[in-house]
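Written out below as structure tokens is the structure these notes cover.
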Amino acid sequence: YRRAASAVSELAGELTNESPAVAQAAARALGRIASADAAAQLNKARAAAKDPVRLWICDAYLLCADKLLKDGKTQESAAIYNDLYGNEKNRATRMAALEGVLHSAGDDAGGQIVKLLTSDDRDARNSALLAIAGINSNSLKTVAASADKLPVQAQVLLLGALANRREKSQAALALKA
């Protein structure tokens, strides 16, 4: 594929094709193009799409967000991730979007992780724990400062995540536990 931006509008028209294979191929191609226009077209088509086409569109929309994040367009990628996490019903889509939400959150990731660690949603808690490995030092400080306010089970999981990170600055937290 060539990531030809000139093909976006034509591919977008195929997202509503009666053939699921054609719609899937169009969504995949738009996800690979991953331009702002491709993302906008995918979002537009997502509103009216039915499964399984909607799932393919969401997957392609996630690819666009991933590319935007990789290119340093954090706000644009965060908007897509938050939209998918907040508005999609499919669990796999929501969990993939949550990972993006946390990766694109910058200094706000710590607060979001703390909130997720108190959640009843096991998958969301696991995503939060995995995200600890990649958060910046400001977010890590936020998480560590909130550790004693977390439920005991979450505190234990947090200590494990911190141990995996091998973060010397948080050794006092481990000793306190």
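All values below come from the heavy atoms of this structure, side chains included, with hydrogens, waters and symmetry mates left out.
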Under 3.5 Å, is there a donor-acceptor pair between the side chain of [X] and the main chain of [Y]?
X    : Y    : answer
S35  : A38  : yes
T16  : G13  : yes
Q155 : L150 : yes

Kindly indicate whether the side chain of [X], heavy atoms from C-beta on, has any atom under 4.5 Å from the side chain of [Y].
X    : Y    : answer
R32  : K67  : no
V53  : Q24  : no
L62  : Y81  : yes
C58  : E88  : yes
N138 : T142 : no

Any link between [X] and [Y] through a network of hydrophobic side chains (Ile, Leu, Val, Met, Phe, Trp, Tyr) touching at under 4.5 Å?
X    : Y    : value
L98  : L69  : yes
I57  : L63  : no
L157 : L117 : yes

Gap between atom CZ of R125 and atom CG of L130 - 0.5 Å precision: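 Separation between the atoms: 12.5 Å.
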
K70 side, atom NZ; L68 side, atom CG - distance, nearest 0.5 Å: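 Atom-to-atom, K70:NZ and L68:CG are 12.0 Å apart.
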
Test: R46 and D83 ion pair at under 4.0 Å: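 So R46 pairs with D83 through a salt bridge.
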
Salt-bridge present (K89, D51; N to O < 4.0 Å):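 Between D51 and K89 there is no salt bridge, as every charged N stays at least 4.0 Å from the carboxylate O atoms.
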
Pair D66, Y61: side-chain N/O donor-acceptor within cut-off below 3.5 Å: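 Absent: no donor and acceptor within the cut-off.
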
Stepwise side-chain contact (heavy atoms from CB on, under 4.5 Å) check, L84 with R94: CA-CA 6 Å; L84 288 169; R94 291 188 75 241; over 6 Å; no

Full working for side-chain contact (heavy atoms from CB on, under 4.5 Å) between L129 and I132: CA-CA 5 Å; L129 288 167; I132 289 172; 4.2 Å; yes

R122 atom CZ: more than 12 heavy-atom contacts under 6.0 Å: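 Not more than 12 within 6.0 Å, no.
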
Residue of the set N126, N90, D121 for which side chain to side chain contact (heavy atoms under 4.5 Å, CB included) holds with M95: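 The residue from N126, N90, D121 that satisfies side chain to side chain contact (heavy atoms under 4.5 Å, CB included) with M95 turns out to be D121.
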
Qualifying residue for side chain to side chain contact (heavy atoms under 4.5 Å, CB included) with L158, from V114, V143, I113: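 Considering V114, V143, I113, a side chain to side chain contact (heavy atoms under 4.5 Å, CB included) with L158 is found only for V143.
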
N136: partners by side-chain hydrogen bond (donor to acceptor under 3.5 Å, both in side chains), with sequence neighbours left out: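 Testing N136 for side-chain hydrogen bond (donor to acceptor under 3.5 Å, both in side chains), a comparison that skips the adjacent residues, returns D107, S139.
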
With sequence neighbours excluded, residues passing side-chain hydrogen bond (donor to acceptor under 3.5 Å, both in side chains) with N17: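 Per chain and number, N17 pairs via side-chain hydrogen bond (donor to acceptor under 3.5 Å, both in side chains) with E14.
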
